[in-house]
Undergrad: 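What follows is a single structure, and I will ask about it in a moment.
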Amino acid sequence: MSPTSETAQGGRRLVIVESPAKAKTIKGYLGPGYVVEASVGHIRDLPNGAAEVPAKYKGEPWARLGVNVDADFQPIYVVNHDKKDQVKKLKELLAESDELFLATDEDREGEAIAWHLQEVLKPKVPVRRMVFHEITKDAIREAVANPRELNKKLVDAQETRRILDRLYGYEVSPVLWKKVMPRLSAGRVQSVATRLVVERERERIAFRSAEYWDLTGTFATGRGGDASDPGTLAARLTAVDGRRVAQGRDFGSTGVLKDGSAVLHLDEANARALAAALADSAFAVRSVESKPYRRSPYAPFRTTTLQQEASRKLGFGAKATMQVAQKLYENGFITYMRTDSTTLSETAVQAARAQVTQLYGADYLPEKPRTYAGKVKNAQEAHEAIRPSGDRFRTPAETGLTGDQFRLYELIWKRTVASQMKDATGNSVTVKIAGRASDGRDAEFSASGKTITFHGFMKAYVEGADDPNAELDDRERRLPQVTEGDPLTAEEITADGHATKPPARYTEASLVKELEEREIGRPSTYASIIGTILDRGYVFKKGTALVPSFLSFAVVNLLEKHFGRLVDYDFTASMEEDLDRIARGEAQAVPWLRRFYFGSADGPEGSAADAGNGDGDHLGGLKELVTDLGAIDAREVSSFPVGDGIVLRVGRYGPYVERGEKDAEGHQRADVPEDLAPDELTVAYAEELLAKPSGDFELGTDPVSGNPVIARDGRYGPYVTEVLPEGTPKTGKNAVKPRTASLFKTMSLDTVTLDDALKLMSLPRVVGADAEGVEITAQNGRYGPYLKKGTDSRSLETEDQLFTITLDEALAIYAQPKQRGRAAAKPPLKELGTDPVSERPVVVKDGRFGPYVTDGETNATLRRDDDVETITPERGYELLAEKRAKGPAKKTAKKAPAKKATAKKATAKKTATKTAAKKTAAKKTTTAKKTTTAKKTTAKKTAAKKTATASAAAAPAE
DNA sequence: CAGTGAGCGAGCTTCCGCTTGACTT
């Protein structure tokens with residue numbers, strides 16, 4: 001009975017899949033009576049931030065997490081903003097349907113999407129879960145005919161994974177904001193990825209190169225060379241008097257031989273002496289060893305292997321590869337590109353085999369189809385391998401594709417066809433050559449060759465290599481035909497020096513490969529993981545290499561020391577095991593999460609639920625780790641000794657080197673370029689940096705004083721200053737302070753001129769005196785340009801006025817009553833009527849932190865979604881009500897960690913007592929200051945920092 | 001990381017996975 005005939009009697013059925021492209025294909029297989037639509041991925045998720053949290057949960061202590069950690073980790077789900085329209089559409093379609101088929105992918109995430117669909121759509125018609133692993137007419141029809149029930153346990157496993165990731169990310173990231181730098185992030189995947197890159201760099205830093213020498217001999221057989229017999233062979237010295245000559249692999253990372261007694265380490269002098277002693281020696285073939293060579297084709301592509309090969313052969317980054325593949329998928333050229341499976345469907349195998357016969361002949365076709373066992377440990381196998389679509393593969397020429405799409409399709413096509421071809425076979429030969437040196441020593445040389453007698457799959461496809469010096473699989477090396485005892489003459493014997501090399505840095509492709517091997521991340525996220533660690537400034541690219549920043553050293557250092565378990569390389573693998581147990585019903589989600597978050601007094605280790613470091617019996621939960629931060633010494637975590645008393649520190653404004661204590665005699669400090677690779681920071685380089693503080697823009701010499709004038713970026717933004725001659729007293733009663741002045745907002749460090757600087761430094765300008773003879777000056781300050789008369793100061797409107805304002809104008813300003821601050825001087829942006837609670841007029845004002853509503857008593861900043869133009873009075877009252885509700889709750893909730901004395905002096909008495917002197921008090925003042933000066937638009941900073949703020953982004957274009 | 005002057009409101013950052021357009025350059 002075909003589905004079509006069923007529907008003739010039934011009614012309309014709605015089938016929901018994940019991808020629109022898939023929906024289109026399936027529609028054709030199911031025919032009329034079936035409506036196929038896509039969910040377009042997940043439709044619901046935990047709220048992203050405060051703005052997305054539903055009103056009724058706002059104010060709850062756990063609202064920022066989106067998970068009620070106090071009530072069995074109950075998650076709050078909201079429909080994703082960009083999925084609202086799609087959900088509406090699905091609801092409408094469901095209203096006209098008699099049956100619902102949830103046909104999302106058959107893996108953990110797919111099952112969860114199906115469940116969320118059911119929760120959101122609330123179907124009143126029968127619901128079926130249907131699954132299929134290949135998109136063919138038969139497979140789809142069979143899936144429709146054999147639906148199953150939703151697997152709630154699998155959904156539980158997904159939800160647990162989601163909650164763990166949220167708790168990890170949203171609890172640990174703020175630790176980094178406090179201890180290292182704002183806006184940083186930590187997460188189960190990105191932090192381990194970053195750690196891998198950092199560890200590799202540490203190995204490179206610790207690496208000590210070893211020098212070793214050997215000999216290369218060119219030996220002639222005496223026969224003439226031709227294509228099949230080269231006549232000469234190049235062989236390397238492998239042993240002297242039976243003792244093997246040391247090669248690179250014999251040395252450890254410290255430059256010392258791993259086993260000094262077993263091998264002979266030749267230095268230059270030894271090697272040259274031996275070469276000389278062999279100059280007139282007679283040589284003969286000592287042995288010839290021939291072994292059959294066999295190589296099997298590579299498995300069809302999955303996401304990671306496609307990314308690796310596209311990188312090696314086409315030079316694509318992971319992201320570019322996925323974008324091109326997406327296009328190919330959408331246009332029906334290839335199967336789904338986010339997969340961890342190397343399995344080909346039966347039709348695909350047949351298509352590949354047909355093409356092998358057609359293009360290469362039956363000789364190249366193995367008797368039986370090849371199958372590839374899943375090499376990926378945690379593969380969910382919801383999809384096929386990546387291959388050309390259809391039951392007959394189009395050759396690249398037939399596709400009509402061009403450019404990158406053509407090249408990627410060709411790669412996929414070749415790999416798929418090759419995967420169904422015969423092994424390549426041939427011979428590998430090792431020839432050993434011996435000679436006696438004039439000093440009596442026996443020298444043995446060795447050469448190896450490879451001949452391929454049957455190319456098999458190599459006709460179609462050979463994999464690339466990461467190392468440009470590595471030989472490709474199909475590379476042949478022919479040796480002359482020799483047999484044991486054949487005499488040879490040495491045409492040339494040269495001594496060659498070599499040095500061992502540090503381990504190579506990761507590339508995008510090799511990092512992704514490493515992550516996959518460690519079961520970290522998923523096919524849909526590999527490319528974006530790289531994007532995340534690049535965006536955060538944890539790594540940067542140097543060519544194709546991923547170089548960790550000093551920032552990432554600080555972050556990884558902190559995580560390793562205080563959250564060791566969370567950045568353990570086995571954490572995810574362990575989590576996956578636990579999740580599998582939950583999916584099988586052998587474990588429960590809530591106790592597992594409880595152990596992860598709240599910890600447990602004892603219990604077996606090894607579960608990902610153990611967030612603590614696992615030292616001793618006590619396993620602290622994540623909450624405990626992020627609550628008491630007193631043990632985390634921010635300074636220590638971001639300090640790295642360079643040597644010679646120099647320390648590298650990662651500060652809020654980037655890395656710098658420092659020698660000595662601040663304010664002490666001989667203290668030195670200098671910025672480190674943001675793109676300096678950590679393994680290039682030597683003591684000598686640090687000295688160089690300290691000798692000449694970087695970041696200075698030399699503008700010229702003040703013609704009056706003769707002092708050099710420089711521009712630099714300071715704590716409060718860009719400024720100009722003069723360099724006083726050596727020996728000028730800086731302290732004491734004869735101290736001379738250099739003239740300094742902040743740049744105007746319209747200026748920037750890379751464009752400011754000497755004239756600008758001199759003009760700026762001429763401030764304050766005496767405008768004149770008032771009737772009583774009190775002097776009025778014009779100057780630039782923290783809050784912008786202003787006039788000063790004794791202790792009475794008035795703001796000016798423009799910076800230009802500093803130079804242009806006349807005495808009369810100044811007196812006119814002073815004639816007016818003093819404004820109570822800038823904010824009060826400004827009229828409200830909007831009036832919103834009377835607040836129903838306080839019964840006071842509500843207005844919108846513009847403040848230091850942007851627009852806010854106030855009733856004169858309570859103030860509330862407008863949220864991201866609010867707009868001054870469109871805000872309604874009701875919204876204004878709501879914001880105020882929220883603020884009132886929230887205010888007191890915060891004041892009593894937390895205990896006072898009493899971090900530093902600065903917390904007291906920095907804030908007004910009112911806040912100091914009322915907000916319980918939170919540890920953020922000290923920080924708050926610095927961030928506030930930073931905000932006012934965040935408008936710095938130096939070329940250096942804007943170029944280096946990816947996280948450009950709105951104000952930084954407003955830098956004048958060049 | 002310079003060192004000037006007043007008055008005064010914080011809120012947000014962040015995770016991993018599943019999917020595409022909708023945006024601008």
Side-chain angles (χ1 to χ4, degrees), chain A residues 18-22 38-43 45-46 48-51 64-66 80 82-83 86 104-105 107-110 112-113 158 161-174 176-177 182-191 326 330 338 521-525 528-529 532 536 651-653 656 662 669-671 693 695 712-717 719-721 737-738 740-742 764 779-784 786-788 791-795 818-824 845 847-854 858-864 883 908 924 927-928 931 947:
Chain A
E18 287 180 38
S19 148
K22 208 185 215 178
S39 74
V40 200
H42 273 294
I43 54 156
D45 192 12
L46 302 174
N48 253 321
R64 103 200 138 74
L65 297 171
N80 298 352
D82 56 340
K83 297 294 163 55
Q86 193 63 19
T104 48
D105 296 346
D107 57 17
R108 206 159 60 206
E109 298 296 329
I113 293 174
Q158 190 276 344
R161 197 275 311 151
R162 180 68 191 91
I163 293 171
L164 173 120
D165 282 334
R166 168 54 62 92
L167 294 175
Y168 185 147
Y170 274 39
E171 290 285 30
V172 181
S173 298
L176 299 180
W177 304 342
R183 288 169 199 279
L184 296 180
S185 62
R188 176 174 55 84
V189 172
Q190 60 167 291
S191 294
Q326 175 85 30
E330 283 170 14
R338 290 185 275 263
R522 301 282 311 138
S524 65
T525 62
S528 60
I529 292 164
T532 300
R536 295 284 168 277
R652 302 212 141 219
Y653 310 100
Y656 59 95
K662 195 172 183 246
R669 163 183 268 193
D671 276 337
R712 66 160 65 138
D713 202 13
R715 175 68 186 78
Y716 304 116
Y719 68 103
V720 290
T721 188
K737 290 201 168 177
T740 60
S742 285
Q779 52 206 298
N780 202 19
R782 185 176 154 189
Y783 306 103
Y786 68 103
L787 291 174
K788 188 177 173 182
T791 56
D792 194 2
S793 64
R794 304 292 170 89
S795 285
K818 187 175 166 72
Q819 301 283 348
R820 299 278 304 161
R822 279 211 318 209
K845 288 186 175 179
R848 197 168 54 178
F849 306 114
Y852 65 101
V853 287
T854 178
T858 309
N859 303 307
T861 305
L862 297 199
R863 301 299 153 78
R864 227 181 354 191
K883 187 66 197 299
K924 241 182 220 168
T927 28
T931 322
T947 52

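Chain naming here is simple, since letters A, B, ... match the order of the sequence lines and numbering starts at 1 in each. Just the heavy atoms: all of them, side chains too, but no hydrogens, waters or symmetry mates, feed the values below.
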Undergrad: Applying a 4.0 Å non-hydrogen cut-off, can you work out what A:S185 is touching in the nucleic acid: base, sugar-phosphate, or nothing?
TA: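 Since only primed, P, OP1 and OP2 atoms lie under 4.0 Å of A:S185, the category is sugar-phosphate.
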Undergrad: Just to be sure I understand the rule, does A:Q190 reach a base, reach only the sugar-phosphate, or reach nothing, if contact means heavy atoms closer than 4.0 Å?
TA: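 The answer is sugar-phosphate, as A:Q190 gets under 4.0 Å only of primed atoms, P, OP1 or OP2.
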Undergrad: Taking syn as a glycosidic torsion within 90° of 0 and anything else as anti, which one is B:dG9?
TA: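 B:dG9: syn.
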Undergrad: B:dA2, B:dA6, B:dA10: which one has an atom nearest the side-chain heavy atoms of A:S793?
TA: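 The answer is B:dA6.
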Undergrad: Classify the nucleic acid contact of A:A186 as base, sugar-phosphate or nothing, counting any heavy atom under 4.0 Å across all strands shown.
TA: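 Contact class for A:A186: sugar-phosphate only.
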Undergrad: Could you list the residues that satisfy side chain to side chain contact (heavy atoms under 4.5 Å, CB included) with A:Q86, not counting sequence neighbours?
TA: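 By the side chain to side chain contact (heavy atoms under 4.5 Å, CB included) rule, A:Q86 matches A:E37, A:V40, A:K89.
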Undergrad: Would you mind reading off the distance between A:Y170 atom OH and B:dC15 atom P, rounded to a whole angstrom?
TA: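 Distance, rounded to whole Å: 7 Å.
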Undergrad: Roughly, in whole Å, what's the span from NZ in A:K788 to P in B:dA6?
TA: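 About 9 Å, once rounded to whole Å.
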Undergrad: Nearest whole angstrom, please: distance from the C1' of B:dC12 to the CG of A:L65.
TA: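 Taking CG of A:L65 and C1' of B:dC12, I get 15 Å after rounding.
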Undergrad: Which part of the nucleic acid, if any, lies within contact of A:T532, taking any heavy atom under 4.0 Å across all strands shown: a base, the sugar-phosphate backbone alone, or nothing?
TA: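 Sugar-phosphate only.
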Undergrad: Take N1-N3 plus N6-O4 or O6-N4 for Watson-Crick, N1-O2 plus O6-N3 for G-U, both under 3.5 Å. Which runs of 3 or more such pairs involve DNA chain B?
TA: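 Result, WC/G-U stems under 3.5 Å: none.
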Undergrad: On a plain distance test, is the side chain of A:N48 in donor-acceptor contact with the base of B:dC15 below 3.5 Å?
TA: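 Present.
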Undergrad: Under 6.0 Å from the six-membered ring centre of A:Y168 and within 45° of its axis: does the NZ or CZ of A:R188 meet both?
TA: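 Relative to the ring axis of A:Y168, which defines the angle, A:R188 lies outside at least one limit.
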Undergrad: Determine whether a donor-acceptor pair (one donor, one acceptor, N or O, separation below 3.5 Å) exists between the side chain of A:S742 and the base of B:dA2.
TA: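 Indeed, a donor on one side and an acceptor on the other fall under 3.5 Å apart.
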Undergrad: Quick one: do A:L65 and A:L167 satisfy side chain to side chain contact (heavy atoms under 4.5 Å, CB included)? Show the steps, please.
TA: CA-CA 7 Å; A:L65 297 171; A:L167 294 175; 4.0 Å; yes
Undergrad: When you measure from the side-chain N and O atoms of A:R669 to the phosphate of B:dA2, is any distance below 4.0 Å, counting only OP1 and OP2?
TA: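 So the side chain of A:R669 is outside the cut-off, no N or O lying under 4.0 Å from OP1 or OP2 of B:dA2.
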Undergrad: What is the per-nucleotide protein-contact pattern of nucleotides 17-24 of chain B, from the 5' end, where B denotes a base atom under 4.0 Å from a protein heavy atom, S denotes such proximity for sugar-phosphate atoms only, and - denotes neither?
TA: BBBS----
Undergrad: In whole angstroms, how far is the P atom of B:dC15 from the CG atom of A:L164?
TA: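 The answer, rounded to whole Å, is 14 Å.
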Undergrad: Would A:Y786 and A:R794 count as a side chain to side chain contact (heavy atoms under 4.5 Å, CB included) here? Give the steps.
TA: CA-CA 5 Å; A:Y786 68 103; A:R794 304 292 170 89; over 6 Å; no
Undergrad: Counting any heavy atom closer than 4.0 Å, what does A:P174 reach on the DNA or RNA strands: base, sugar-phosphate only, or nothing?
TA: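 A:P174: base contact, heavy atoms under 4.0 Å.
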Undergrad: I would like to know whether A:T104 and A:H42 meet side chain to side chain contact (heavy atoms under 4.5 Å, CB included); could you show each step before the answer?
TA: CA-CA 10 Å; A:T104 48; A:H42 273 294; over 6 Å; no
Undergrad: Compare the aromatic ring of A:Y656 with the six-membered base ring of B:dC1 and state whether they stack according to the 5.5 Å and 30° rule.
TA: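 Base of B:dC1: not stacked against A:Y656.
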Undergrad: Of all residues at least two apart in sequence or in a different chain, which pass the side chain to side chain contact (heavy atoms under 4.5 Å, CB included) check with A:D45?
TA: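 Side chain to side chain contact (heavy atoms under 4.5 Å, CB included) list for A:D45, sorted by chain: A:N80, A:R162.
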Undergrad: Base, sugar-phosphate alone, or nothing: which one does A:L184 contact when heavy atoms must sit under 4.0 Å apart?
TA: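 The answer is sugar-phosphate, as A:L184 gets under 4.0 Å only of primed atoms, P, OP1 or OP2.
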Undergrad: Between B:dC12 atom P and A:L862 atom CG, what is the distance in whole Å?
TA: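 To the nearest whole Å, that distance equals 11 Å.
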Undergrad: Nearest whole Å is fine: how far is B:dC12 C1' from A:W177 CH2?
TA: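 Computing the A:W177:CH2 to B:dC12:C1' distance gives 7 Å.
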Undergrad: Could you list the residues that satisfy side-chain hydrogen bond (donor to acceptor under 3.5 Å, both in side chains) with A:R161, not counting sequence neighbours?
TA: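 side-chain hydrogen bond (donor to acceptor under 3.5 Å, both in side chains) check on A:R161 returns A:E109, A:D165.
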Undergrad: Should A:R64 and A:E171 count as an ion pair when the cut-off is N to O under 4.0 Å?
TA: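 Yes.
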Undergrad: Checking contacts here: which listed nucleotide (B:dC1, B:dT13, B:dT14) is nearest the side-chain heavy atoms of A:P182?
TA: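 So the nucleotide nearest the side chain must be B:dT13.
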Undergrad: What's the CZ-P distance between A:R183 and B:dC12, to the nearest Å?
TA: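 One finds 12 Å between P of B:dC12 and CZ of A:R183, rounded.
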Undergrad: Would A:Y786 count as stacking on B:dG5 if stacking means ring centres less than 5.5 angstrom apart and planes tilted under 30 degrees?
TA: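 Check failed, A:Y786 does not stack on base of B:dG5.
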Undergrad: State, yes or no, whether a side-chain contact exists between A:P182 and A:R652 at a heavy-atom distance under 4.5 Å.
TA: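 A:P182 reaches A:R652 side chain to side chain.
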Undergrad: Check side chain to side chain contact (heavy atoms under 4.5 Å, CB included) between A:S173 and all other residues, then give those that pass, not counting sequence neighbours.
TA: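 Side chain to side chain contact (heavy atoms under 4.5 Å, CB included) check on A:S173 returns A:W177, A:S185, A:A186.
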